[in-house]
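For reference, the structure is listed below as structure tokens.
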Amino acid sequence: WGCSSTEQFDITSYIFNPLIRETVDICPEVPTPLNPDAAGSNLTYFWTPSTGLSCATCPNPVATLSSDQFYQVNIFGYNGADTCAFTQTVQVRVMPPHGLETTPIDTVICDSIDMLLSATYSSNFITNVAWSQSLDFSNPFSTAANVTVTPNETEFYYVQTTDTLGCRDTAQIVIYAYPVDISVDDLYNYCEEIGNLTIPVINHHPNQILIYNWTPTDNISVQNPDGSIVRTGLEMDEIYVVDAVNQYGCHEQDTADVY
């Protein structure tokens with residue numbers, strides 16, 4: 001019969017080169033891309049399970065995990081075509097938490113004293129410890145686990161541990177220094193003709209709330225809200241002592257001689 005037919009087909013070819021990492025190490029609870037080499041790939045990726053992943057159908061999902069996780073990754077050809085396919089198991093290993101703890105707890109001090117600050121950790125992968133008074137650790141002042149500091153005012157101390165993967169953990173200790181700073185003139189001359197003598201006390205830290213106690217109390221007719229006293233009558237020279245205590249329990253004393 002001599003019948004014939006001619007057909008023409010367009011065949012599109014591409015290179016099937018799936019990129020996938022078999023093992024990935026990440027820091028706990030730190031968002032981390034799992035397959036950066038495949039970012040922007042035209043191949044189709046399916047990750048199962050989707051636990052901790054930002055996306056289960058992207059080449060390079062971001063994982064946020066607190067423990068190890070296995071994923072099965074199915075990779076198909078261009079536009080999801082199943083003519084080419086590859087399956088790989090990916091193990092994501094999460095570095096153990098550092099278990100960073102510090103002592104002492106946040107503390108109130110009344111005077112400038114030496115204080116021992118200590119950092120302990122439970123991880124066996126710690127390679128570095130750093131102490132700093134800036135949260136960015138741009139200027140660490142020690143790399144020892146235990147340091148001695150002498151705060152003169154309220155100070156923030158930060159400690160950071162780093163492990164073999166570069167994972168970091170940070171803790172802080174706050175030393176609240178609230179010394180009382182008052183002053184009273186040393187010497188007063190009482191004139192009987194005037195009758196009353198006011199002895200003021202100056203609080204050099206007005207943000208502190210002070211309670212004043214004067215002794216002896218004889219012949220003190222008035223104690224004013226600002227801590228000053230009014231003295232009436234004087235039979236002999238006398239030394240007055242004022243004890244001031246702030247809201248943090250810190251004390252300071254000063255004296256005034258009246259003659």
Side-chain angles (χ1 to χ4, degrees), residues 25-32 52 62-67 94-184 200-214 225-228 241-255:
D25 294 322
I26 68 173
C27 301
E29 300 297 341
V30 176
T32 306
V62 174
T64 306
L65 298 168
S66 59
S67 58
V94 180
M95 293 293 286
H98 291 191
L100 176 61
E101 295 184 356
T102 56
T103 55
I105 60 173
D106 293 350
T107 302
V108 173
I109 62 173
C110 298
D111 299 294
S112 180
I113 59 174
D114 290 346
M115 296 199 65
L116 178 65
L117 310 183
S118 298
T120 59
Y121 45 84
S122 57
S123 172
N124 295 323
F125 299 94
I126 302 302
T127 58
N128 185 65
V129 177
W131 291 87
S132 177
Q133 288 195 265
S134 58
L135 193 52
D136 62 2
F137 288 85
S138 57
N139 187 28
F141 63 84
S142 178
T143 56
N146 302 314
V147 296
T148 298
V149 296
T150 310
N152 295 309
E153 56 186 0
T154 296
E155 300 281 10
F156 288 77
Y157 298 97
Y158 304 97
V159 60
Q160 185 177 84
T161 48
T162 306
D163 63 24
T164 54
L165 188 62
C167 305
R168 293 180 173 87
D169 195 4
T170 304
Q172 76 169 25
I173 299 174
V174 185
I175 306 298
Y176 298 96
Y178 295 121
V180 177
D181 187 7
I182 61 170
S183 60
V184 177
V201 55
I202 300 174
N203 176 11
H204 297 285
H205 293 310
N207 59 318
Q208 296 185 12
I209 301 171
L210 300 183
I211 297 175
Y212 301 92
N213 292 293
W214 289 84
D226 63 0
S228 62
V241 178
V242 59
D243 179 80
V245 57
N246 64 17
Q247 66 267 44
Y248 309 104
C250 300
H251 289 257
E252 187 180 47
Q253 290 186 346
D254 204 350
T255 60

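Worth saying up front: this structure is predicted, and the values here are computed from it rather than measured. Residue numbers start at 1 and run along the sequence shown.
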Side-chain (T127) to main-chain (T162) donor-acceptor, under 3.5 angstrom
yes
Given V180, which of Q208, H251, Q253 fulfils the side-chain contact (heavy atoms from CB on, under 4.5 Å) condition?
Q208
Donor-acceptor under 3.5 Å (T32 side chain, V30 main chain):
yes
Any side-chain heavy atom of P97 sitting closer than 4.5 Å to one from E29?
no
Any side-chain heavy atom of Q133 within less than 4.5 Å of one from Y157?
yes
Does CG belonging to L116 count more than 12 external heavy atoms closer than 6.0 Å?
yes
Aromatic rings Y248 and Y178: how do their planes relate, parallel, tilted or perpendicular, breaks at 30° and 60°?
parallel
d(L165 CG, D25 CG) to nearest 0.5 Å is 6.0 Å
Are the side chain of D181 and the backbone of H204 linked by a donor-acceptor contact shorter than 3.5 Å?
no
Distance-only, no hydrogens or angles: does the E252 side chain make a donor-acceptor pair with backbone N or O of S183 under 3.5 Å?
no
Distance in Å, T103 OG1 paired with I173 CD1, rounded so as to fall on 0.5 Å steps
6.5 Å
Determine the minimum heavy-atom distance between P179 and H205, stating which atoms define it.
O-CD2, 3.3 Å
Got a second to check how far Y212's OH is from N203's CG, nearest 0.5 Å?
4.5 Å
Tightest non-hydrogen contact, residues L100 and A119, listed as CD1-CB, 4.1 Å
In residues 143-152, what donor-acceptor pairs under 3.5 Å come from side-chain atoms, sequence neighbours left out?
unit_1, atom_1, unit_2, atom_2, d
N146, OD1, S118, OG, 2.8
T150, OG1, D114, OD1, 2.5
N152, OD1, S112, OG, 2.7

Reported CD1-to-CD1 distance for the pair I182 and I202, which is rounded to 0.5 angstrom
10.0 Å
S123 side chain near M95 side chain, heavy-atom distance below 4.5 Å:
no
Report the distance from atom CD of E153 to atom CD1 of I109, rounding to the nearest 0.5 Å.
10.5 Å
Taking all atoms of both residues into account, what is the closest heavy-atom pair of A244 and L210, and its distance?
CB-CD1, 4.3 Å
Please give me the minimum heavy-atom distance between C27 and V94, naming the atom from each residue.
C-CG1, 4.2 Å
With a 4.5 Å cut-off on side-chain heavy atoms, are Y121 and D169 touching?
no
Mind checking whether W214 and V201 have side chains closer than 4.5 Å, heavy atoms only?
yes
Return the CD1 to CD distance between I175 and E155, rounded to the nearest 0.5 Å.
9.5 Å
Any pair with a residue in residues 106-143 that passes disulfide bond (SG atoms under 2.5 Å apart), sequence neighbours left out, goes on the list, sorted by first then second residue, please.
C110-C250
Of all heavy-atom pairs between Y158 and S134, which one has the smallest distance, and what is that distance?
CD1-C, 3.9 Å
Does atom CD (Q172) have a neighbourhood of more than 12 heavy atoms from anything else shown, all under 6.0 Å?
yes
Can you name the salt bridge (charged side-chain N to carboxylate O under 4.0 Å, His left out) partners of D226, sequence neighbours left out?
none
Could you check if a side-chain atom of S132 sits within less than 4.5 angstrom of a side-chain atom of V159, using non-hydrogen atoms only?
no
With distance as the sole test, does D111 use its side chain to make a donor-acceptor pair with the main-chain N or O of I113 at under 3.5 Å?
no
Closest non-hydrogen atoms of D163 and C167, given as atom of the first, atom of the second and distance, are OD1-N, 2.8 Å
